[in-house]
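Have a look at the structure below before the remarks.
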Amino acid sequence: MVNFLGKGILKGMVVTFTNLIRPSPTTQYPEQRLTVSRRIRGTELVWSKTKCTGCATCARTCPQGVIHVVTHKGENNNYAVDTFEVDSGYCIHCGLCVEACPYNALFMGYTFERSKYRRNSLVMSKDDMAIEHQPASGYFHPEIAQTLPEQELLVYRGKKK
Amino acid sequence: MTLRTEPFVLNMGPVHPSTHGVFRMRVTLDGEVVVNLEPVFGYLHRGIEKLAEERTYTGIVPLTDRLDYVASMTNNLAYCLAVEKLAGIKVPERAEYLRVIMSELQRIAAHLISIGSFFNDCGAYFTPFLYMFRERERIVDLLEMVSGQRLLYNYMRPGGVSQDIPEEFLPALKEALNQMPKYIDEYERLLKDNEILYARARGVGILPKEMAISIGASGPVLRGCGVKWDIRKVDPYSIYDRFEFDIPTGTQGDCYDRYRVRVEEMKQSLRIIEQAIKQIPAGSIRSDVPQLIRPPVGEAYAHLEAPTGELGFYLVSDGSIAPYRCHIRAPSLMNLTALRDMIVGWKVQDLILIFGSFAITMGEVDR
């Protein structure tokens, strides 16, 4: 091999030129979207009214202390949930509440775009989080994960799977 | 007539593109030559050690994500090792393998960022960064599939890992492993023999072996000086004693050596992952740990080889559900103590290069 000054630079240039004819690894975000992971810890918490018993395990587990649960004694001697509020402005989306819920009544959200004009509209009430209105993610819920579309991976880009 | 000169004090940072976060260096210059340097940090201080004192042992795991935010998995693991040592928790076999796979993937991803930003500081603005981020994206995709997020994974728990891997994970990981050597080879061709890089980085910012040991440096900074010191070999944690890998070292401890050590370490990480995939057993992924862990009164220190160096967690328990004290031995901070001695005598442009070759993360320095 011949060695001359500038050989290393030329070798590098060859790499950058081959990169010109390669398929692009990037995605033009607002127009093109990738399917996210089935377990994504998205921006909304999702709550099931029928499954929740008001035990407030989630509120005690939350490291940020943003889950607010108020209950009263119901007719069958159980808890009736009056308030179930999450201040998602302080939520760090760690998913520990979903993991801790003994009745599988909490889910992470599947969507990831959530901006609001006012700060107090970040506080989510029972209705905002109802599972009937919000798509739930498969985080700690394998039965939901099976129904979600498969994640698009960069390793399979440009390849038939 | 004689010209009178006087030293000039320059504040680099706290917001400067080369400081990788918010870090200030008070540099005293004589012309272009640095005669004194005073690091000023604390801009990103969030009081994580204090916050940990009022959280449950499981609730601290998301906090550890926010230390070295380019290497969350190893932070999780270091903390979980400390809790397991403190409370005497056993970890199932499959969880150990998953931990090794995840932390080695994380090491590759973190080294890619370190190398990419080092080249940025060299002046190869964002061209190498593109290549590094392309491959990092493949790894981050995989970690997202497992943990649900791309940066702050919160994946490991005292007593195992949070969830088992989905069935499509291992085929995708094997595909990524097949592609990686080709890409690492591409980085080598891109810049390894580059003459400009030789001129900029070879023999610049030499850290003598004796000084590196005496300041307590670790990770690629120490190994770049030629010291064979890797916690994975010296004090094997988890199941690292079952894998075969080498410790790459540099020769003289300059910026170029530190860059080479990182590249070689990525190859070794690939080797470890390949072995781990072959050996991974079926079984449970989390031992039976109560939701509120109450370790006995005592103290424990656990450390591991994070991408930046030796990351340690020192926990003191008073028998309650929260630690009495949580101290973090941050490798970035320890490595930074060598900064002044390495930079004095070099010029301003070398300052940026030497600082970049440490690959510190300010989240870990300030905590």
Side-chain angles (χ1 to χ4, degrees), chain A residues 3-16 18-19 22-27 34 36-42 57 60-65 91-100 102 108 110 112 137-142 145-146 148 150-157 159 161, chain B residues 51 54-56 58-63 65-66 124 127-128 130-131 133-150 152-154 157 162-164 166 168 171-180 185-198 291-292:
Chain A
N3 270 318
F4 56 92
L5 189 71
K7 190 183 166 198
I9 296 175
L10 279 179
K11 255 162 79 180
M13 291 302 245
V14 173
V15 176
T16 48
T18 48
N19 193 52
R22 262 205 210 128
S24 158
T26 51
T27 312
L34 294 171
V36 290
S37 161
R38 287 166 165 172
R39 288 180 182 174
I40 184 180
R41 304 207 296 270
T57 308
R60 267 178 282 131
T61 319
C62 180
Q64 294 290 98
C91 177
I92 57 172
H93 305 287
C94 62
L96 288 177
C97 49
V98 178
E99 187 180 334
M108 296 306 289
Y110 186 63
F112 53 89
S137 129
Y139 189 72
F140 270 93
H141 290 274
Q146 282 165 6
L148 294 170
E150 200 167 319
Q151 183 189 357
E152 272 177 64
L153 294 169
L154 196 60
V155 280
Y156 294 132
R157 176 77 61 95
K159 276 189 186 180
K161 221 185 119 184
Chain B
L51 281 174
E54 53 184 31
R55 295 197 176 188
T56 59
T58 320
I60 297 171
V61 179
L63 273 183
D65 282 336
R66 285 150 178 83
T127 307
L130 168 83
Y131 294 83
F133 260 60
R134 195 183 56 196
E135 272 63 81
R136 178 175 176 269
E137 198 57 38
R138 283 159 221 271
I139 293 166
V140 169
D141 265 354
L142 292 172
L143 296 179
E144 182 195 353
M145 185 198 275
V146 173
S147 69
Q149 255 179 20
R150 292 165 48 84
L152 305 167
Y153 305 110
N154 186 20
R157 297 281 184 278
S162 68
Q163 282 169 294
D164 205 349
E168 63 264 31
L173 176 62
K174 279 173 190 157
E175 177 68 34
L177 283 185
N178 285 341
Q179 296 176 4
M180 269 314 276
D185 196 47
E186 198 176 274
Y187 311 144
E188 304 283 68
R189 273 183 291 136
L190 183 68
L191 274 164
K192 186 189 167 192
D193 303 325
N194 191 303
E195 283 82 1
I196 303 172
L197 184 70
Y198 280 176
Q291 212 162 44
L292 294 177

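Predicted model, so just to flag it, every value in this text is computed and none were measured. Labels below follow one simple rule: chain letters A, B, ... track the order of the sequence lines, proteins then strands, and each chain is numbered from 1. Both backbone and side-chain heavy atoms feed into the values below; hydrogens, waters and symmetry mates do not.
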Contact summary for [X] and [Y], nearest pair of heavy atoms:
X	Y	value
B:Gly59	A:Pro63	O-CB, 3.7 Å
A:Phe140	B:Gln163	N-NE2, 2.9 Å
B:Glu175	A:Tyr156	CG-CE2, 3.9 Å
A:Thr57	B:Gln291	CG2-OE1, 3.7 Å
B:Arg66	A:Ile92	NH2-CB, 3.6 Å
B:Ser147	A:Arg41	O-NH1, 2.9 Å

So which of [options] has the biggest tally of heavy-atom pairs under 4.5 Å with chain B?
options	result
A:Ser37, A:Pro142, A:Ala145	A:Ser37
A:Thr61, A:Leu34, A:Thr16	A:Thr16
A:Glu99, A:Glu152, A:Lys11	A:Glu99

State the [atom1]-[atom2] distance between [X] and [Y], to the nearest 0.5 angstrom.
X	Y	atom1	atom2	result
B:Thr56	A:Leu96	OG1	CG	7.5 Å
B:Arg134	A:Thr26	CZ	OG1	11.0 Å
A:Arg38	B:Glu168	CZ	CD	4.5 Å
B:Leu191	A:Ile9	CG	CD1	9.5 Å

- Kindly say whether A:Cys94 contributes a backbone atom to a donor-acceptor pair with the side chain of B:Asn154 at under 3.5 angstrom? yes
Under 4.5 Å from any heavy atom of chain A - which part of [X]:
X	answer
B:Leu152	backbone
B:Thr58	both
B:Glu186	both
B:Arg55	side chain
B:Glu144	both
B:Pro128	neither
B:Tyr153	backbone
B:Arg157	side chain

Please identify, among [options], the residue contributing the most non-hydrogen atom pairs under 4.5 Å to chain A.
options	answer
B:Ser162, B:Ala172, B:Gly148	B:Gly148
B:Ile139, B:Asp164, B:Leu142	B:Asp164
B:Pro171, B:Pro166, B:Ala176	B:Pro166

- Item | Per-residue contact mode, A:Val36 against chain B (heavy atom under 4.5 angstrom) | both
